[in-house]
Enquirer: 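My structure is below; once you've seen it, I'll send some questions.
The figures here come from the full heavy-atom set of this structure, side chains too, leaving out hydrogens, waters and symmetry mates. Below, read A as the first sequence line, B as the second, and so on, with proteins coming before strands; counting in each chain starts at 1.
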Number of protein chains: 2
Amino acid sequence: MAVTIRDVARRAGVSVSTASAALNNKPFVSPQTRARVLQAALELNYHVNRMARNLAMGRTFQIGLLIPALLEHTFSASHFFNQLMRGIYGACRPEDYSLVLFAVENEDDLTRQMTHWAHGRSVDGFIITHPTWEMPYREVLEQSGLPYVVIGRPPDKDASRVLFVDNDNVQVAYDATAYLLARGHRRILFVNGPSRYTYAHDRNEGYRRALHTYGVPVDERLLVEAELTFVDGYRVVDALCGQVTFSAVVVLNPMQALGVMHALAKHGCRVPEDVAAITTDCEMAKYMHPPLTAVDIQPYQLGYHAATILLQLLAGEPTAPRIIPHALVERASTRRMVAQAHR
Amino acid sequence: MAVTIRDVARRAGVSVSTASAALNNKPFVSPQTRARVLQAALELNYHVNRMARNLAMGRTFQIGLLIPALLEHTFSASHFFNQLMRGIYGACRPEDYSLVLFAVENEDDLTRQMTHWAHGRSVDGFIITHPTWEMPYREVLEQSGLPYVVIGRPPDKDASRVLFVDNDNVQVAYDATAYLLARGHRRILFVNGPSRYTYAHDRNEGYRRALHTYGVPVDERLLVEAELTFVDGYRVVDALCGQVTFSAVVVLNPMQALGVMHALAKHGCRVPEDVAAITTDCEMAKYMHPPLTAVDIQPYQLGYHAATILLQLLAGEPTAPRIIPHALVERASTRRMVAQAHR
DNA sequence: CTGAAAGCGCTTACAG
DNA sequence: CTGAAAGCGCTTACAG
């Protein structure tokens with residue numbers, strides 16, 4: 001029923017091996033032969049059977065994208081994830097790789113599935129997002145021998161066995177905080193992501209370092225963590241308003257930031273008049289009311305380089321972890337300077 | 001290197017066919033034999049090679065999720081898409097199917113790729129989101145013979161050849177609009193999705209029917225369309241404020257709704273005091289300031305049933321399109337009744 | 001209930 | 001530059 005390479009070979013009057021060589025652009029096929037084969041393939045509307053090709057070559061030309069958090073909160077950082085996937089896609093497409101989504105409810109779920117996915121050879125390698133301190137599924141993964149790249153720093157970065165792509169999250173948080181400190185703010189609320197994610201530790205560190213640089217003591221009540229959602233951003237700030245005072249808030253996730261803004265509004269806090277705000281960049285930030293100052297962490301680049309590293313790994317080429325630069329974009333939400341007296 | 005079924009068979013002291021039968025839980029294997037085989041597999045840490053299995057069985061146990069809009073705006077409806085995928089996953093997991101993501105920049109791009117994806121047999125079938133009036137890729141898809149299910153109604157619904165899952169979008173918009181009309185509103189802004197999507201037509205229809213039911217003439221200036229993003233929701237309402245008057249807005253996408261709310265705020269319009277607002281449901285809607293009245297369109301169900309229909313198709317079981325019910329959830333954003341005088 | 005054999009549709013040394 | 005043959009690791013009639 002389906003047209004196979006045998007049909008093509010027959011019609012072109014060549015052997016199957018020659019047909020294969022021609023279709024795969026092997027250099028040693030004569031131009032005339034190649035033309036005949038290609039013509040035959042076209043006429044028969046032939047397309048290689050991937051299942052057979054995969055088995056013969058021992059590769060699937062698929063990479064798995066593991067999202068150990070999807071079903072809870074992933075897409076909440078909509079712009080970020082969107083760009084991340086664009087980047088991954090941008091790198092895979094030219095190499096004819098496609099993307100298999102492995103979304104799971106939680107890490108335990110992932111660990112259970114990983115055995116089948118990895119040992120079953122349904123993909124050639126993995127890109128893993130949302131690295132945590134646990135990553136319990138990693139043991140199974142490594143045992144399977146499949147290569148993988150982490151987006152975000154893995155817990156044992158120092159061991160340097162693991163390939164990853166990340167921002168310098170210490171510096172990201174440092175820059176955001178220092179920017180506010182430089183504008184006179186002294187009481188800065190820091191809404192961090194959940195501490196199970198490795199980046200939350202780094203950002204915490206950056207926040208503290210910035211305060212230290214400016215000689216400002218840390219008030220632990222100003223360090224809070226929230227899930228990466230509108231709802232949780234709203235929740236923590238709603239609970240805090242009235243309890244503690246602050247003149248600025250750093251919330252490095254757009255969805256959390258939206259929630260935070262709504263909580264501030266509910267409590268009658270205007271931005272930037274009463275509170276300055278800074279987040280990570282996305283289209284939304286530009287159009288918020290007021291537009292939000294933001295750190296651009298380049299999600300497209302994160303995705304693109306993660307995929308590139310994985311493809312290099314698969315091709316046996318040398319490769320290395322990569323830090324993606326970030327940049328602060330100034331907008332109205334931090335326009336107000338704080339007078340010396342009010343510090 | 002990798003352990004194959006031959007190794008398992010050898011260790012269990014049976015033939016390869018018996019090992020296969022035992023591993024696949026065929027009923028005709030004796031309990032003792034099965035136990036020996038399973039034990040051997042466990043000891044050797046054997047996992048079936050999917051590539052070989054796929055080729056032998058002629059199926060990939062993968063379904064493709066086609067998102068002809070991902071790279072522009074998909075995740076903007078974050079909660080919606082999140083739930084949709086959960087639903088798809090929920091149906092696929094028990095059947096051991098996994099999900100391949102086919103995201104493309106646009107429909108032309110998709111058409112070009114579809115040839116390889118569909119004819120290459122890298123998946124057993126497709127779930128397609130964001131149906132438009134064009135769906136140019138569908139011709140190639142149908143020619144390949146692979147089954148597919150559309151989430152949202154396909155353009156030729158009446159032809160009834162195409163399987164799909166959808167809300168009754170005429171009724172969704174009707175209910176939202178009629179709800180506001182019943183509360184006294186007469187000038188109702190309707191922010192629709194892009195007209196290239198089939199659902200936008202249906203919702204437009206529902207809006208008009210509701211006005212007609214209440215004997216309210218349609219003011220075409222109150223019918224606008226926007227991309228499914230915060231930015232575009234903001235843009236259209238920002239442009240409209242001051243140009244036209246309205247006492248309520250229907251915007252059936254959470255991200256657009258956020259943008260609309262920010263535009264209203266910029267122009268000093270309070271919700272619900274100056275303008276009532278109604279959207280589609282998501283966690284956010286509950287926590288907005290004020291909480292938004294919303295139509296729950298049950299995205300999990302949409303995804304779950306789309307996958308279920310596709311799996312039934314693949315299993316050769318009878319199946320049929322399905323309409324998912326919706327429900328209106330009342331919250332503070334539409335609390336205010338409009339006095340007869342202000343109509 | 002079990003085993004020997006063919007076949008899924010490719011790719012890839014290898015020989016010529 | 002081309003062809004005959006083996007092999008990728010399974011599943012599935014088929015015979016016993």
Enquirer: Output the single nucleotide from C:dT2, C:dG3, D:dG9 whose closest atom is nearest the side chain of B:T4.
Expert: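 Output: D:dG9.
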Enquirer: Provide, to the nearest angstrom, the distance between the CG atom belonging to A:N24 and the P atom belonging to C:dA13.
Expert: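 Taking atom P of C:dA13 as the reference, CG of A:N24 is at 13 Å.
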Enquirer: Report the nucleotide, chosen from D:dC10, C:dG9, D:dA4, that has the shortest atom-to-atom distance to any side-chain atom of B:I5.
Expert: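 Looking only at side-chain atoms, B:I5 lies closest to D:dC10.
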Enquirer: Quick one: which of C:dT11, C:dG7, D:dT2 gets closest to the side chain of B:A56?
Expert: C:dG7
Enquirer: Using a 4.0 Å heavy-atom cut-off, does A:S20 contact any base of the nucleic acid, only the sugar-phosphate backbone, or nothing at all?
Expert: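 Base: the residue A:S20, judged by heavy atoms under 4.0 Å, touches a nucleobase.
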Enquirer: CZ of B:R11 to CG of B:L42: how many Å apart, nearest 0.5 Å?
Expert: 10.5 Å
Enquirer: What's the CE-P distance between A:M57 and D:dC10, to the nearest Å?
Expert: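 Going from A:M57 (CE) to D:dC10 (P), I get 19 Å.
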Enquirer: Nearest to the side chain of A:L55, which nucleotide is it out of D:dC8, D:dT11, C:dT11?
Expert: D:dC8
Enquirer: Within this structure, what is the CG-to-P distance between B:D7 and D:dG9, rounded to whole angstrom?
Expert: 9 Å
Enquirer: Can you tell me which nucleotide in C:dC10, C:dT12, C:dT2 comes closest to the side chain of A:N49?
Expert: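 Among the listed nucleotides, the one closest to the side chain of A:N49 is C:dC10.
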Enquirer: Output the pairing pattern of DNA chain D as a dot-bracket string, 5' first, Watson-Crick or G-U wobble with both distances under 3.5 Å, | for cross-strand pairs, [ ] for crossing pairs.
Expert: |||.||||||||.|||
Enquirer: Nearest to the side chain of B:T18 - C:dT2, C:dC10, C:dT12?
Expert: C:dT2
Enquirer: Side chain of A:V16, heavy atoms from C-beta onward: which of C:dA5, C:dT11, D:dC10 has the nearest atom to it?
Expert: C:dT11
Enquirer: Rounded to whole angstrom units, what separation is found between the CZ atom of B:F61 and the C1' atom of D:dC10?
Expert: 12 Å
Enquirer: Going by distance alone, is a donor N or O of one side chain under 3.5 Å from an acceptor N or O of the other, for B:Y137 and B:Q113?
Expert: no
Enquirer: Would you mind telling me which of C:dG3, D:dT2, D:dT11 lies closest to the side-chain atoms of A:F28?
Expert: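 Comparing C:dG3, D:dT2, D:dT11 against the side chain of A:F28, the answer is D:dT2.
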Enquirer: For a quick check of understanding: with a heavy-atom distance under 4.0 Å over all strands, which category does B:S17 fall into, base, sugar-phosphate or nothing?
Expert: base
Enquirer: How many Å lie between CE on B:M51 and P on D:dT11, as a whole number?
Expert: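 After rounding, the reported distance stands at 14 Å.
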Enquirer: Heavy-atom nearest nucleotide on DNA chain C for B:V29 versus B:A52: which residue maps closer to 5'?
Expert: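 The residue whose closest nucleotide sits nearer the 5' end is B:V29.
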Enquirer: Is there a donor in the side chain of A:Q62 and an acceptor in the side chain of B:Q62, or the other way round, less than 3.5 Å apart?
Expert: yes
Enquirer: Could you state the atom-to-atom distance from CZ of B:R50 to P of D:dT11 in whole Å?
Expert: 10 Å
Enquirer: Whole angstrom is fine here: how far is it from OH in B:Y46 over to P in D:dT11?
Expert: 6 Å
Enquirer: Check side chain to side chain contact (heavy atoms under 4.5 Å, CB included) between B:L314 and all other residues, then give those that pass, not counting sequence neighbours.
Expert: B:I63, B:Y97, B:D124, B:P147, B:L310, B:L311
Enquirer: Are B:R138 and B:Y148 in a cation-pi setup, meaning NZ or CZ lies under 6.0 angstrom from the ring centre and within 45 degrees of the ring axis?
Expert: no
Enquirer: Can you confirm whether the side chains of B:S17 and B:S20 place a donor and an acceptor under 3.5 Å from each other?
Expert: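 No, B:S20 and B:S17 have no side-chain donor paired with an acceptor closer than 3.5 Å.
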Enquirer: When you check the phosphate oxygens OP1 and OP2 of C:dC10, does a side-chain N or O of A:N54 lie under 4.0 Å from one of them?
Expert: no
Enquirer: Go through the steps for B:N45 and A:Q143 under the test side chain to side chain contact (heavy atoms under 4.5 Å, CB included), then give the verdict.
Expert: CA-CA 11 Å; B:N45 193 25; A:Q143 179 192 321; 2.8 Å; yes
Enquirer: Provide, to the nearest angstrom, the distance between the NZ atom belonging to A:K26 and the C1' atom belonging to D:dT2.
Expert: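 Rounding to the nearest Å, NZ of A:K26 and C1' of D:dT2 are 15 Å apart.
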Enquirer: Applying side-chain contact (heavy atoms from CB on, under 4.5 Å) between A:I67 and each of A:I128, A:T129, A:I127, A:I151, report the one that passes.
Expert: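 Single pass found, and it is A:T129.
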Enquirer: Would you indicate which nucleotide in C:dT2, C:dT11, D:dT11 comes nearest to any side-chain atom of B:R53?
Expert: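 From the listed options, D:dT11 comes nearest.
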